[in-house]
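Chain A is the first sequence line, chain B the second, and so forth, proteins listed ahead of strands; every chain is numbered from 1.
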2 protein chains.
Amino acid sequence: MSLPHAILTALLEKPSSGLALTRRFDRSIGYFWSATHQQIYRELGKLEQAGFIRALPSAQPSRGQKKEFEVLPAGRAELTRWASGEQDPKPIRDALLLRLRASAVVGRDGLDAELRRHLTLHRGQLAEYQEIEDRDFGAATAPEDRLRRLVLRAGIGLETFWVEWLEEALAEVTQMEGVTGPGDDAGG
Amino acid sequence: MSLPHAILTALLEKPSSGLALTRRFDRSIGYFWSATHQQIYRELGKLEQAGFIRALPSAQPSRGQKKEFEVLPAGRAELTRWASGEQDPKPIRDALLLRLRASAVVGRDGLDAELRRHLTLHRGQLAEYQEIEDRDFGAATAPEDRLRRLVLRAGIGLETFWVEWLEEALAEVTQMEGVTGPGDDAGG
DNA sequence: TTAGACATGTAATGGGTTACATGATTGT
DNA sequence: ACAATCATGTAACCCATTACATGTCTAA
């Protein structure tokens, strides 16, 4: 149950409309918690019902009209409660690793191309993060900035890990080239 | 749509009953794709319907009776197709990072305790992985073993990243101690 | 014959994804 | 008038999670 809290955080940082939130979830917040506009609108409705947020008085309540939300004290309290509680980390759930394990059984056809593709994607993401760090956190000292920088550095660390691991994986798979494996149809 | 393929992979490695699969998802496979027994039973039903797997003839079809499954050629073909296709990596979705960002807005109460708790959990998981690597992959040379080792090394790399990042985060947060931040109720 | 472990399954709920629908605003 | 874009919203489907239900086997 993190999406409502992601939205509360975003709205505390800056009151916004549903579409503006969607845009922000495509940028900074989406870097560690993605969401589509449908999820966001549905959740905004629930949060309003629960009394955690309200539409800014200026906004007309009609379809197609912009409608901005702000967080109410109850919403801030709920976010504080959630942020200060306990929550176990979720186990890894990664399809590429699963496909690697499957490749060990049914053969490595197309595997190195896919690894190369992922390597390119992760290098791009890493470059994007590093650009943000250089631009926005040159000499951050305020506590909020330090925490936000920590979050960004997690993204950088994760992408760095993937780049290094993919390079290692490619080296291994390339080395196996020509070697008979199950399902490769090279050895019966 | 990875769970059915995870099950096909597991069944190709060794035909099993639903409960036996559940056990294996708690160990090796679950290290990168977790699933509960309910998910597994439901998916086994679908896979059987689709003609990808079948119950071993020996198994009686009654409730409470063990029922073992094996993969049919169509199932192997489907797994091959899936493993050799393209699939983009999913964006990061991590509640702890979200809570850190929320802490930047509502205050850091209880944050360092939670970071310490996560650090302990990740250190434990890392030790478990390294034990498996030492025990099972002392001098692996077969292609399948190399791929399985690569998967394990991804787990090790990820846990290593988290341990290092959490240490960095703890140092930062400890350094902020006593410094006024939003919602800390130390500065109004 | 009862308790406990083994084994499979149903039901309810909620989140995530995709496709589609509707209205408002702006520029030409 | 028209098209494009902005903006909000509905509907359907699937997956994941949790709680619960049912039957079998084994051994005290």
Side-chain angles (χ1 to χ4, degrees), chain A residues 1-8 10-11 15-26 29-30 32-50 53-56 58-69 82 87-95 98, chain B residues 1-8 10-11 15-26 29-30 32-50 53-56 58-69 82 87-95 98:
Chain A
M1 270 249 308
S2 298
L3 180 56
H5 303 98
I7 292 178
L8 287 173
L11 287 181
S16 309
S17 67
L19 191 62
L21 276 177
T22 303
R23 297 264 158 75
R24 290 169 65 195
F25 270 83
D26 285 341
I29 297 172
F32 48 91
W33 201 274
S34 63
T36 64
H37 80 273
Q38 290 88 344
Q39 286 175 269
I40 289 169
Y41 282 118
R42 199 193 322 167
E43 207 60 45
L44 283 172
K46 287 189 200 170
L47 287 169
E48 194 177 19
Q49 280 268 313
I53 64 174
R54 66 162 185 180
L56 286 180
S58 63
Q60 291 97 342
S62 111
R63 195 177 186 129
Q65 289 286 93
K66 195 160 69 175
K67 193 173 163 191
E68 298 211 303
F69 291 94
W82 176 79
Q87 237 180 290
D88 284 351
K90 281 205 158 186
I92 304 165
R93 221 128 190 289
D94 188 279
L98 199 53
Chain B
M1 271 249 306
S2 297
L3 179 57
H5 303 97
I7 291 178
L8 286 173
L11 288 181
S16 310
S17 68
L19 191 61
L21 276 177
T22 304
R23 298 261 158 76
R24 290 169 65 195
F25 270 83
D26 285 341
I29 297 173
F32 49 92
W33 201 274
S34 63
T36 63
H37 80 273
Q38 291 86 347
Q39 285 175 269
I40 289 169
Y41 282 119
R42 195 189 333 156
E43 208 59 47
L44 282 173
K46 286 190 201 169
L47 287 169
E48 193 177 19
Q49 281 268 312
I53 63 174
R54 67 162 184 180
L56 285 182
S58 63
Q60 290 95 345
S62 111
R63 194 175 185 131
Q65 290 287 91
K66 195 159 72 175
K67 195 173 163 191
E68 298 210 304
F69 291 93
W82 177 80
Q87 236 179 293
D88 284 350
K90 280 204 155 188
I92 304 166
R93 220 127 192 284
D94 187 279
L98 200 52

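- Taking atom CD1 of residue A:I40 and atom P of nucleotide D:dT10, one finds them 16 Å apart after rounding to whole Å.
- Note on B:R93: a side-chain N or O is less than 4.0 Å away from OP1 or OP2 of C:dG16.
- Taking atom CD of B:E43 as the reference point, atom C1' of C:dG9 lies 15 Å away to the nearest angstrom.
- The two atoms that bring B:T22 and B:H37 nearest to each other are OG1-CB, 3.4 Å, heavy atoms only.
- Distance CG (A:L19) to C1' (C:dA24): 13 Å, rounded to an integer number of Å.
- Between B:Q39 and D:dA16 there is a side-chain polar atom (N or O) within less than 4.0 angstrom of OP1 or OP2.
- The base of D:dT17 sits with one of its N or O atoms less than 3.5 Å from a complementary donor or acceptor on the side chain of B:R42.
- Contact detail for B:A95 and A:W82: the closest heavy-atom pair is O-CH2, 4.1 Å.
- Phosphate proximity of D:dA16 to B:Q38: absent, as no side-chain N or O sits under 4.0 Å from OP1 or OP2.
- Residue B:T36 places its side chain closer to D:dT18 than to any other of D:dT18, C:dG9, C:dT18.
- Looking at which nucleotide of DNA chain C each of A:L3 and B:S17 is closest to, the 5′-most match is held by B:S17.
- One finds no side-chain N or O of B:K90 lying less than 4.0 angstrom from the OP1 or OP2 phosphate oxygen of C:dG16.
- Across A:S2 and A:Q87, no two heavy atoms sit closer than the pair OG-NE2, 4.2 Å.
- Closest heavy-atom contact between A:I40 and A:G18: CG2-O, 4.1 Å.
- Picking from D:dA7, D:dT24, C:dG9 the nucleotide with the shortest atom distance to the side chain of B:K67 gives C:dG9.
- Nucleotide D:dT5 holds its P atom 18 Å from the NZ atom of A:K66, rounded to whole Å.
- What separates CZ of B:F25 from P of C:dT8 is a distance of 14 Å, to the nearest Å.
- One atom, CG of B:D26, and another, P of C:dC6, lie 13 Å apart when rounded to the nearest Å.
- Counting all heavy atoms, side chain and backbone alike, A:S34 lies closest to A:F25 at C-CD2, 4.3 Å.
- Between C:dG14 and A:K46, no contact under 4.0 Å exists linking OP1 or OP2 to a side-chain N or O.
- Atom CG in B:L44 sits about 14 Å away from atom P in C:dA7, given to the nearest Å.
- Nearer to the 5' terminus of DNA chain C, by closest-nucleotide assignment, is the contact made by B:H37 (compared with the other of A:W33 and B:H37).
- Between A:Y41 and the phosphate of D:dG9, there is no side-chain N or O to OP1/OP2 separation shorter than 4.0 Å.
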